[in-house]
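To start, the structure itself, in structure tokens.
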Amino acid sequence: MFDSQKIKKDFPIFEKHPELVYLDSTATSLKPRQVIDKLVEYYTQYSANVFRGIYKISEKATEEFEKTREKIAQFIGAKPEEVIFVRNTTEAINLVAYSLGRKIVDKSSEIVVSLMEHHSNFVPWQQLAFENGARLKIINIDKQGRLLFSPEMITRRTAIFALTYVSNVLGTINPVKKIIKQVKKANPNTIVIIDGAQAVPHLKVDVKELACDFLAFSSHKMLGPTGVGVLWGKRELLEQAFPFLYGGEMIREVRLEETVFKEPPYKFEAGTPAIGEVIALASAVEYLEKLGMEKVREHEKELISYALERLKEEFGEKITIFGPEEAEERGGVLAFKFGSYHPHDIAQILDSLNIAVRAGHHCAMPLHQALKVEATTRASFYIYNDKEDVEKLIEGLRRVEKVLG
Ligand SMILES: Cc1ncc(COP(=O)(O)O)c(C=O)c1O
């Protein structure tokens with residue numbers, strides 16, 4: 001495992017809050033100094049707009065901005081011209097639904113999603129199905145929160161297949177590579193969109209290896225700034241898709257009669273982007289690369305394995321942990337039900353001990369309905385967490401029992 005105490009030194013938030021036990025990286029990760037410094041570098045040294053200026057600081061900003069595109073491309077095994085900067089995962093998925101989905105989905109189409117999707121990868125497809133009269137098919141899950149996918153779900157009508165790589169509630173790591181292969185075998189024309197919001201920050205993800213058509217993820221969950229998301233898409237599909245937003249920067253020529261758009265990725269990047277934030281995302285990727293994504297995964301696997309064991313040991317039947325029993329099959333996410341205590345009460349008492357967890361439906365209401373709970377408490381781990389944090393969570397839950405009786 002990493003020396004998390006050493007890693008914590010890179011995260012200035014722990015200087016301000018040395019007592020903080022941060023167990024909410026699934027919502028957003030903390031940011032290392034290297035990322036914050038890069039953001040400050042942009043704002044203090046070359047805070048000009050990109051692509052427009054014929055002067056040095058604008059050229060520098062453009063160069064740094066494009067460096068991030070290259071960095072991201074290399075990180076996920078893609079080509080830079082297939083990397084589009086948007087605001088977050090939500091926008092990336094909406095872009096695909098609007099720009100391509102609307103074009104290819106009609107009354108005869110089927111869209112397949114899973115029960116474990118975050119609303120970001122559920123509502124855009126549900127809405128598209130509703131507006132275009134298509135049928136929405138849902139992949140169910142078993143008792144351990146594993147997908148019950150069968151290739152028979154894919155027919156010649158399946159236009160879209162949208163699936164999360166890692167569940168933000170169950171922690172399930174879906175066997176996406178295998179599933180994509182099955183989907184494409186059943187219908188090579190089905191467009192496969194992978195929600196990588198909880199995967200790219202935690203595992204080695206390579207789009208060529210996965211053989212998906214689109215991958216969406218957010219900078220703020222992988223040590224980078226907020227306000228930046230990435231959509232990777234296959235070149236030929238990006239060419240086929242309509243632009244998402246129209247306006248400045250995405251055009252080649254505008255005449256009164258018609259407009260000619262730029263090539264991808266610029267065709268999808270209308271308006272001034274989050275320049276400093278995109279630039280600083282490269283530092284986040286560098287940070288993760290230095291640690292090594294395989295090691296990040298190993299660290300989280302060991303931590304989740306320890307947490308599963310210790311929580312069961314301490315609380316037995318009193319705690320219900322959702323998702324697969326084996327650490328091998330899950331990421332560093334741990335959503336649970338604790339006695340009959342309400343998750344909001346649990347989170348509040350934990351907060352009084354400086355332990356930050358999440359309580360609620362975690363933007364996965366259909367999944368919570370299936371689990372027959374209104375809300376869960378969710379603890380999630382990342383590179384700056386260690387076994388001591390798990391012990392603190394246990395102490396915190398003991399306090400919950402004491403206070404709430
Ligand atoms: C699996 C998954 N998909 C999508 C999202 C949405 O990410 P964002 O809020 O950055 O758009 C999240 C956020 O928690 C998530 O966990």
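Indexing begins at 1, ligand by ligand and atom by atom, following the structure's order.
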Notebook entry, point to check: For ligand 1, what is the set of protein residues having any non-hydrogen atom at a distance below 4.0 Å?
Noted result: Thr26, Asn88, Thr89, Thr90, His118, Ser120, Thr164, Asn168, Asp195, Ala197, Gln198, Ser218, His220, Lys221
Next item on the list: With side-chain contact (heavy atoms from CB on, under 4.5 Å) as the test, would you mind laying out the steps for Thr26 and Gln198 before giving the verdict?
Entry: CA-CA 7 Å; Thr26 297; Gln198 297 302 343; 3.1 Å; yes
Next item on the list: Kindly confirm or rule out a cation-pi arrangement of Lys295 over Phe2, judged by NZ or CZ under 6.0 Å from the six-membered ring centre and within 45° of its axis?
Entry: no
Tell me which donor-acceptor pairs under 3.5 Å the side chains of residues 245-253 have, and how far apart each pair is, sequence neighbours excluded?
{"residue": "Glu249", "atom": "OE2", "partner": "Arg52", "partner atom": "NE", "Å": "2.6"}
{"residue": "Glu249", "atom": "OE2", "partner": "Arg52", "partner atom": "NH2", "Å": "3.2"}
{"residue": "Glu253", "atom": "OE2", "partner": "Arg255", "partner atom": "NE", "Å": "3.2"}

Checklist line | For Tyr43, all residues meeting side chain to side chain contact (heavy atoms under 4.5 Å, CB included), sequence neighbours excluded | finding: Leu39, Ser47, Glu277
Notebook entry, point to check: Can a cation-pi geometry be assigned to Lys103 and Tyr98, taking NZ or CZ under 6.0 Å from the six-membered ring centre and within 45° of the ring axis?
Noted result: no
Item checked: Selection residues 181-231 - residue pairs positive for ring-ring contact (aromatic ring centres under 6.0 Å, His included), sequence neighbours left out -> His202-Tyr382
